[in-house]
Amino acid sequence: MTSHDPQHPSLRTTPDLDPDLDPAVVAGWRVHDDLAEGQRWTTWYDVEPLARGPEPRPDWVVTSRGAVDTDLGILKTGKEADVFLLERADPLLPDQAVVLAAKRYRSTEHRTFHRAASYTEGRSMKRSRDQRAVKRGSTFGRQVAAAEWTVSEWAALKRLWSLGLPVPYPVQVDGTELLMEWISVDGEDGPETAPRLAQARPAPALLASYFDQLREAMATMTQHGLVHGDLSPYNILAAGDRLVVIDLPQVVDLVGNLHGMDYLLRDCTNVCRWFRARGLAVDEQELFADLLATAF
């Protein structure tokens, strides 16, 4: 790859130029080495602007045209998608490197998309042909479902991030790949993935703080007519003294979805059961009532 960006530090003036030439009209260049296995050129400029994260973007987002994406290995496997760690860095700007979480939905093996009908009530696809293919469960339909699921999570992340909710920053979406902020904590050997709440053993004061954070996040969502739909200690990360909510493709409309209220109550039940088992006196019915009071 050859860099032509005049602001890119890889540019250099070609040596031994004719001294009579005006330096202002002379272009410099540097050719990067070939990529290794597991690497690709950044896809930031391969997607349309609306497929990039909302502004103002965090300072750590790498937008250099000379950046390289390097797969660092798998982080988590799932029924619909796998999550990998990916480093995005310009070889000439190593101090600006960033590690991202790359969630890649399977395009032809969505065996569980048939159970998603209740989540997608009220949603519509632009083309009736796509809708019919998804209902039939054809290979093409599964591909469409994968892309729709990716777009759904992308839209949810953007909206919740813009509302100030504790979710990973959505960096970009490209087909069935969603790049987002990697939520990490300091480990003995450097940064490591934040544990799920289900793995955490917080002290009483932190436990109460965690519940307050989660209640506030759920209240903000219901105020805007949104329900996570699959909230549990397994899709909440304990990043030090703060919680971060993940896995958002199934977010539903509280009123527009016939099952919206049921999903909200189930979310309340799942989280309250975990907190109650660790000694915090919380009640799902009380939480449910409080959330509904903020919504209407």
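Within the 3.5 Å criterion, the main-chain N or O of His228 finds a donor-acceptor partner in the side chain of Gln250. Not one N or O on the side chain of Arg196 forms a donor-acceptor pair closer than 3.5 Å with the backbone of Asn235. At least one donor-acceptor pair closer than 3.5 Å links the side chain of Glu181 to the backbone N or O of Tyr169. Remark: side-chain polar atoms of Glu177 are not paired, donor with acceptor, to backbone N or O of Asp174 under 3.5 angstrom. Distance alone, capped at 3.5 Å, places no donor-acceptor pair between the Ser209 side chain and the Ala205 backbone. Judged purely by atom type and a 3.5 angstrom limit, Asn270 has no side-chain atom pairing as donor or acceptor with the backbone of Asp267.
Taken to the nearest 0.5 Å, the CG atom of Leu165 stands 12.0 Å off from the CD atom of Gln213. Rounding to the nearest 0.5 Å places CZ of Arg201 at 11.0 Å from CG of Leu207. Atom CD of residue Glu192 and atom CG of residue Leu75 lie 11.5 Å apart, to the nearest 0.5 angstrom. Within the model, atoms CG of Leu231 and CG of Leu248 stand 9.0 Å from one another, a figure rounded to the nearest 0.5 Å. Taken from CG in Leu157 to CE in Met180, the straight-line distance is 6.0 Å, to the nearest 0.5 Å. Going from atom CE of Met218 over to atom CG of Leu264 covers 5.5 Å, rounded to the nearest 0.5 Å.
Using a 4.5 Å heavy-atom cutoff, the side chains of Pro191 and Val99 are not in contact. Inter-residue side-chain proximity for Asp241 and Leu206 is flagged as met; some heavy-atom pair is nearer than 4.5 Å. Side-chain atoms of Leu287 and Val271, non-hydrogen and from C-beta on, do get closer than 4.5 Å to each other. Side-chain contact between Ser64 and Thr42 is absent, with no heavy atoms from C-beta onward closer than 4.5 Å. The shortest side-chain heavy-atom distance between Leu197 and Phe275 falls under the 4.5 Å cut-off. Under the 4.5 Å side-chain criterion, counting only non-hydrogen atoms from C-beta, Trp60 is in contact with Leu100. You'll find the side chain of Arg159 reaches within 4.5 Å of the side chain of Leu226, heavy atoms only.
Annotation for Thr150 and Gly175: closest pair CG2-O, 3.7 Å, computed over non-hydrogen atoms. Between Cys272 and Val282, the closest heavy-atom pair is O-CG2, 3.6 Å. Closest of all the heavy-atom pairs between Trp154 and Gly53 is CH2-N, 3.6 Å. Heavy-atom minimum distance, Gly260 versus Val252: CA-CG2, 4.4 Å. For Thr294 against Ala219, the heavy-atom pair with the smallest separation is OG1-O, 3.8 Å. Across every non-hydrogen atom of Ala194 and Ala238, the tightest pair is CB-O, 3.9 Å.
Grouping the Ile, Leu, Val, Met, Phe, Trp and Tyr side chains by contacts below 4.5 angstrom, directly or via other members, places Leu85 apart from Val171. The hydrophobic cluster containing Leu214 also contains Val251, counting ILVMFWY residues as joined when their side-chain heavy atoms lie under 4.5 angstrom apart, directly or transitively. No path of Ile, Leu, Val, Met, Phe, Trp and Tyr side chains, each step under 4.5 Å between heavy atoms, connects Leu179 with Trp182, placing them in separate hydrophobic clusters. Hydrophobic clustering keeps Ile183 apart from Leu86 (ILVMFWY residues linked when any side-chain heavy atoms are closer than 4.5 Å, directly or through intermediates). The hydrophobic clustering, which links ILVMFWY residues whose side-chain heavy atoms are closer than 4.5 Å, places Met261 and Tyr263 together.
Other residues, nucleotides and ligands contribute over 12 non-hydrogen atoms within 6.0 Å of the OH atom of Tyr45. For Gln223, the CD atom is densely surrounded, since the number of other residues' heavy atoms within 6.0 Å is greater than 12.
Between Glu284 and the options Arg266, Arg276, Arg273, a side chain to side chain donor-acceptor pair (under 3.5 Å) holds for only Arg276.
The pair Asp69-Arg88 meets the salt-bridge criterion, since a charged nitrogen lies less than 4.0 angstrom from a carboxylate oxygen. Taking the charged nitrogens against the carboxylate oxygens, Asp247 and Lys76 do have a contact shorter than 4.0 Å, which makes a salt bridge. Salt-bridge check for Arg106 with Asp82: passed, with a basic side-chain N closer than 4.0 Å to an acidic carboxylate O.
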With side chain to side chain contact (heavy atoms under 4.5 Å, CB included) as the criterion, how do Leu265 and Gln285 come out once you've worked through the C-alpha distance, each side chain's angles and the decisive distance to 0.1 Å? CA-CA 8 Å; Leu265 179 57; Gln285 293 292 341; 4.1 Å; yes
Yes or no on salt bridge (charged side-chain N to carboxylate O under 4.0 Å, His left out) for Arg104 and Asp71, after CA distance, side-chain angles and deciding distance? CA-CA 12 Å; Arg104 296 164 183 166; Asp71 269 332; 2.9 Å; yes
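Under the 3.5 Å distance criterion, with hydrogens and angles disregarded, a donor-acceptor pair is assigned to the side chains of Tyr105 and Glu153.
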